[in-house]
Amino acid sequence: QMQLVESGGGLVQPGGSLRLSCATSGRLFSFYPMGWFRQAPVKEREFVAGINQSGGSTYYADSVKGRFTISRDNAKNTVYLRMNSLKPDDTAVYYCAAKVSGSRYYDPLNYNYWGQGTQVTVSS
């Protein structure tokens, strides 16, 4: 079993920045590709960013490309999401997840382990 705990969310003004962290334990973190998803009220959970096991390949939703950066530190069993130029539309609960199957990073069905989420609110 793998445990994931997100942190770093909060209230930020439009144009501001946040860095989310996802600390993991219980399994071999470096074996898993990782992803970040988000879910806003009355919306479906959507893919934000993904990263392969080594960190050498990253993937982004079009809506965040150029503004968000996913990274990982396998020595610390942690994956990060740096979010710049935040917009009100980025307001959501952000989840990290470990990908256990499939080739599509954007498909939440390919992820078996999820954190509890951290709230990000972008508002003036």
Side-chain angles (χ1 to χ4, degrees):
Q1 195 76 5
M2 187 182 211
Q3 292 79 43
L4 299 87
V5 179
E6 301 96 336
S7 61
L11 173 64
V12 62
Q13 291 187 343
S17 298
L18 283 174
R19 189 181 80 156
L20 306 183
S21 299
C22 174
T24 71
S25 63
R27 295 289 287 267
L28 295 175
F29 172 75
S30 61
F31 281 11
Y32 292 97
M34 299 294 294
W36 284 96
F37 289 77
R38 67 186 181 187
Q39 187 165 18
V42 302
K43 289 188 176 181
E44 291 187 355
R45 189 168 298 189
E46 65 172 355
F47 171 76
V48 175
I51 189 167
N52 72 345
Q53 292 93 320
S54 69
S57 295
T58 56
Y59 310 88
Y60 297 95
D62 288 343
S63 59
V64 307
K65 203 170 292 184
R67 299 188 298 123
F68 290 12
T69 303
I70 188 171
S71 62
R72 66 190 296 160
D73 186 335
N74 286 343
K76 295 182 178 180
N77 294 340
T78 303
V79 61
Y80 304 96
L81 185 68
R82 176 68 180 183
M83 305 185 295
N84 295 328
S85 303
L86 283 162
K87 307 174 182 179
D89 283 351
D90 295 318
T91 295
V93 177
Y94 283 71
Y95 300 89
C96 68
K99 183 172 171 294
V100 298
S101 64
S103 60
R104 299 182 181 91
Y105 277 81
Y106 59 80
D107 188 348
L109 294 178
N110 287 336
Y111 295 78
N112 202 42
Y113 302 108
W114 293 83
Q116 84 291 346
T118 185
Q119 176 71 47
V120 171
T121 302
V122 184
S123 175
S124 55

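- Contact check for D90 versus R38: side-chain heavy atoms found under the 4.5 Å cut-off.
- Within the 4.5 Å cutoff, no side-chain heavy atoms of M2 are placed close to those of F31.
- To the nearest 0.5 angstrom, Y106 atom OH is 14.5 Å from E46 atom CD.
- Listed for the Y111 side chain is no donor-acceptor partner under 3.5 Å among the backbone atoms of W36.
- The two residues V120 and M83 make their nearest non-hydrogen contact at CG2-CE, 3.9 Å.
- Counting all heavy atoms, side chain and backbone alike, L81 lies closest to A49 at CD1-CB, 4.1 Å.
- The nearest pair of heavy atoms linking V122 to T91 is N-OG1, 2.9 Å.
- You'll find the side chain of Y80 reaches within 4.5 Å of the side chain of D73, heavy atoms only.
- Minimum heavy-atom separation, Y94 to L20: CB-CD1, 3.5 Å.
- The NZ atom of K99 sits 9.5 Å away from atom CG of D107, with the distance rounded to the nearest 0.5 Å.
- The main-chain N or O of S7 is never found under 3.5 Å from a side-chain atom of T118 such that the two would form a donor-acceptor pair.
- Judged purely by atom type and a 3.5 angstrom limit, S124 has no side-chain atom pairing as donor or acceptor with the backbone of Q13.
- Between the side chain of N74 and the backbone N or O of S30 there is no donor-acceptor pair closer than 3.5 Å.
- By the 4.5 Å heavy-atom criterion applied to side chains, T69 and Y60 are counted as neighbours.
- Using modelled atom types, one side-chain atom of R72 and one backbone atom of N52 make a donor-acceptor pair closer than 3.5 Å.
- Counting only heavy atoms from C-beta outward, the side chains of L11 and S123 approach each other to under 4.5 Å.
- Nearest heavy-atom pair, P33 versus Y105, reported as atom, atom and distance to 0.1 Å: CB-OH, 3.4 Å.
- E6 places a side-chain N or O within donor-acceptor distance of the main-chain N or O of G117, the cut-off being under 3.5 Å.
- Of the inter-residue distances, the one linking S101 atom OG with L109 atom CG reads 8.5 Å to the nearest 0.5 angstrom.
- When side chains are defined from C-beta on, V100 counts as touching Y32, because their heavy atoms get closer than 4.5 Å.
- In the hydrophobic clustering of this structure, L4 groups with I51; members are Ile, Leu, Val, Met, Phe, Trp, Tyr whose side-chain heavy atoms approach within less than 4.5 Å, directly or through other members.
- Atom OG of S71 is separated from atom CE of M34 by 11.5 Å, given to the nearest 0.5 angstrom.
- Heavy-atom contacts from other residues, nucleotides or ligands closer than 6.0 Å to OH of Y59 number more than 12.
- Considering only heavy atoms from C-beta on, K76 stays 4.5 Å or farther from F29 through its side chain.
- The shortest distance between side-chain heavy atoms of F68 and L18 does not fall below 4.5 Å.
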